[in-house]
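Given the structure is predicted, the values throughout are model-derived calculations rather than measurements.
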Amino acid sequence: MSPKGIAPAVILALSLVLAACGGSSEETPADEATVAPTPTQAATATPSAESTPTATPSPAQAATATPSAEPTPTATPEASPTPTATAAAEAASGDAVNLVQHLRERTMAMWDVYNTYDADTLATFYEPGYWAEEEDEVRANMRPFRTFGAKVDPEETSPPTEIERGRWETRHTGRFPFGSVKMIFIWEQFDGEWLLTYAEVE
C-alpha cells in the first residue's frame, strides 16, 4: 500500500479507539459548580424533656380503689350489775355451795345409820311415801349385814348436782366384805328438810 493511503487509515483507527473510550478526551466544563455536600443532620433529634402526665384512673380502677378508713364504732359499755344484783348472785352461789355440803353430810349420815342396822331410824331419811314403797326391800337387804356384822364403806363418786329444779342427785359406791354396790340417790326438799325420793342401784 502506498504511503498516501496510510494516513486516512490511521485517522480512521484513532477515531474508532476514541469512540470506544467514550470520548474521554473531552474536558469537564469549567463553569460547572461543584456542589459541596450538606452536612448530615443528626438522624435522631434529642427529645426535649417532657413532664410525665398524671394518670387518670379508669372507672374499673376507681371502683376497686381502697376506701377511706371509716371510724370504728365505739362499743357501748355494758351496764355493770347493781350492788343488789351482785349480792343476790353471791348469796345464791353461797347457798348452792352450802347445800352441796349439806347433802354430802346427809348422805354419809344415812350410811352411818345403815351400818347400825336400824331400819326405823333409816326411814327418817326417806320421804314417807317413798319409804312405804321401799321399806320391805331395804329391811331384806339389811338382814345379811346384821347377820355377819358387815358394814358398808361408802365413797362419793359424783357430787350432789341439781338435775332439775329442786332435785339433787349424788352417786356413791359402797364396798363391803362380800361385794360392792353402786347407788344413785336423789334428794328433794319437803318443809325445809331434804329427804330421799330415789335410792336405787346404778
Side-chain angles (χ1 to χ4, degrees), residues 63-202:
T64 58
T66 304
S68 59
E70 296 182 358
T72 304
T74 304
T76 303
E78 296 182 0
S80 57
T82 63
T84 302
T86 302
E90 291 177 352
S93 177
D95 289 344
V97 171
N98 292 336
L99 178 56
V100 167
Q101 184 60 31
H102 174 71
L103 293 178
R104 277 178 165 163
E105 293 174 355
R106 187 153 177 78
T107 306
M108 295 303 291
M110 179 201 63
W111 281 116
D112 289 341
V113 171
Y114 191 92
N115 284 334
T116 64
Y117 323 121
D118 184 354
D120 293 336
T121 302
L122 187 64
T124 62
F125 289 86
Y126 283 68
E127 188 275 325
Y130 183 56
W131 174 253
E133 296 174 7
E134 299 295 313
E135 181 178 3
D136 290 343
E137 183 177 354
V138 172
R139 290 182 181 275
N141 291 337
M142 189 180 288
R143 194 170 296 120
F145 288 89
R146 181 189 296 108
T147 302
F148 295 100
K151 297 186 182 297
V152 178
D153 181 18
E155 177 188 2
E156 181 185 279
T157 55
S158 178
T161 304
E162 189 173 28
I163 56 173
E164 294 179 17
R165 186 173 181 82
R167 300 183 79 226
W168 290 71
E169 177 188 277
T170 185
R171 298 178 184 230
H172 281 215
T173 296
R175 295 179 176 84
F176 40 89
F178 42 88
S180 64
V181 63
K182 293 182 178 181
M183 297 292 298
I184 302 174
F185 301 110
I186 294 180
W187 298 90
E188 295 184 52
Q189 192 175 40
F190 298 87
D191 298 326
E193 186 175 15
W194 288 89
L195 301 174
L196 283 171
T197 57
Y198 187 86
E200 298 292 340
V201 176
E202 184 176 348

* To do: With sequence neighbours excluded, tell me which residues meet ring-ring contact (aromatic ring centres under 6.0 Å, His included) with Phe148.
  => none
Taking distance alone, no hydrogens or angles, what donor-acceptor pairs closer than 3.5 Å link side-chain atoms of residues 192-202 to residues at least two apart or in another chain?
{"unit_1": "Thr197", "atom_1": "OG1", "unit_2": "Glu188", "atom_2": "OE2", "d": "2.9"}
{"unit_1": "Glu200", "atom_1": "OE2", "unit_2": "Tyr130", "atom_2": "OH", "d": "3.2"}
{"unit_1": "Glu202", "atom_1": "OE2", "unit_2": "Arg171", "atom_2": "NH1", "d": "3.0"}

* Structure fact -> Note: Leu103 and Thr107 closest approach over all heavy atoms is O-OG1, 2.7 Å
* Asked: Does some side-chain heavy atom of Lys182 sit less than 4.5 Å from a side-chain heavy atom of Thr173?
  -> yes
* Pair Glu162-Leu99, side-chain contact (heavy atoms from CB on, under 4.5 Å): steps then yes or no -> CA-CA 10 Å; Glu162 189 173 28; Leu99 178 56; over 6 Å; no
* Go through the steps to decide whether Trp187 and His102 satisfy the test side-chain contact (heavy atoms from CB on, under 4.5 Å), and finish with yes or no. => CA-CA 11 Å; Trp187 298 90; His102 174 71; over 6 Å; no
* Under the side chain to side chain contact (heavy atoms under 4.5 Å, CB included) test, which residues partner Phe178, sequence neighbours left out? -> Phe145, Ala150, Phe176
* **Side-chain (Ser158) to main-chain (Thr170) donor-acceptor, under 3.5 angstrom** => no
* Could you tell me which residues satisfy side chain to side chain contact (heavy atoms under 4.5 Å, CB included) with Ser180, sequence neighbours excluded, listed by chain and number? => Arg175
* For residues 143-152, pull every pair meeting side chain to side chain donor-acceptor pair (under 3.5 Å), keeping only residues two or more places apart or in separate chains. => none
* With sequence neighbours left out, write down each residue that passes side chain to side chain contact (heavy atoms under 4.5 Å, CB included) with Arg139, or none if nothing qualifies. => Ala119, Asp120, Glu135
* Do Met183 and Trp111 come close enough that some side-chain heavy atom pair is under 4.5 Å? -> yes
* Evaluate the side-chain proximity of Thr124 to Val113: yes if any heavy-atom separation is below 4.5 Å, no if none is. => no
* Counting only N and O atoms by type, is there a donor-acceptor contact under 3.5 Å from the side chain of Glu127 to the main-chain atoms of Trp131? -> no
* Asked: Quick one: does Thr157's side chain have a donor or acceptor within less than 3.5 Å of a partner on Glu155's backbone?
  -> no
* **Minimal non-hydrogen separation, Glu156 against Pro160, with atom names** => OE1-CD, 3.7 Å
* **Side-chain touch Thr116/Thr121, heavy atoms, less than 4.5 angstrom** => no
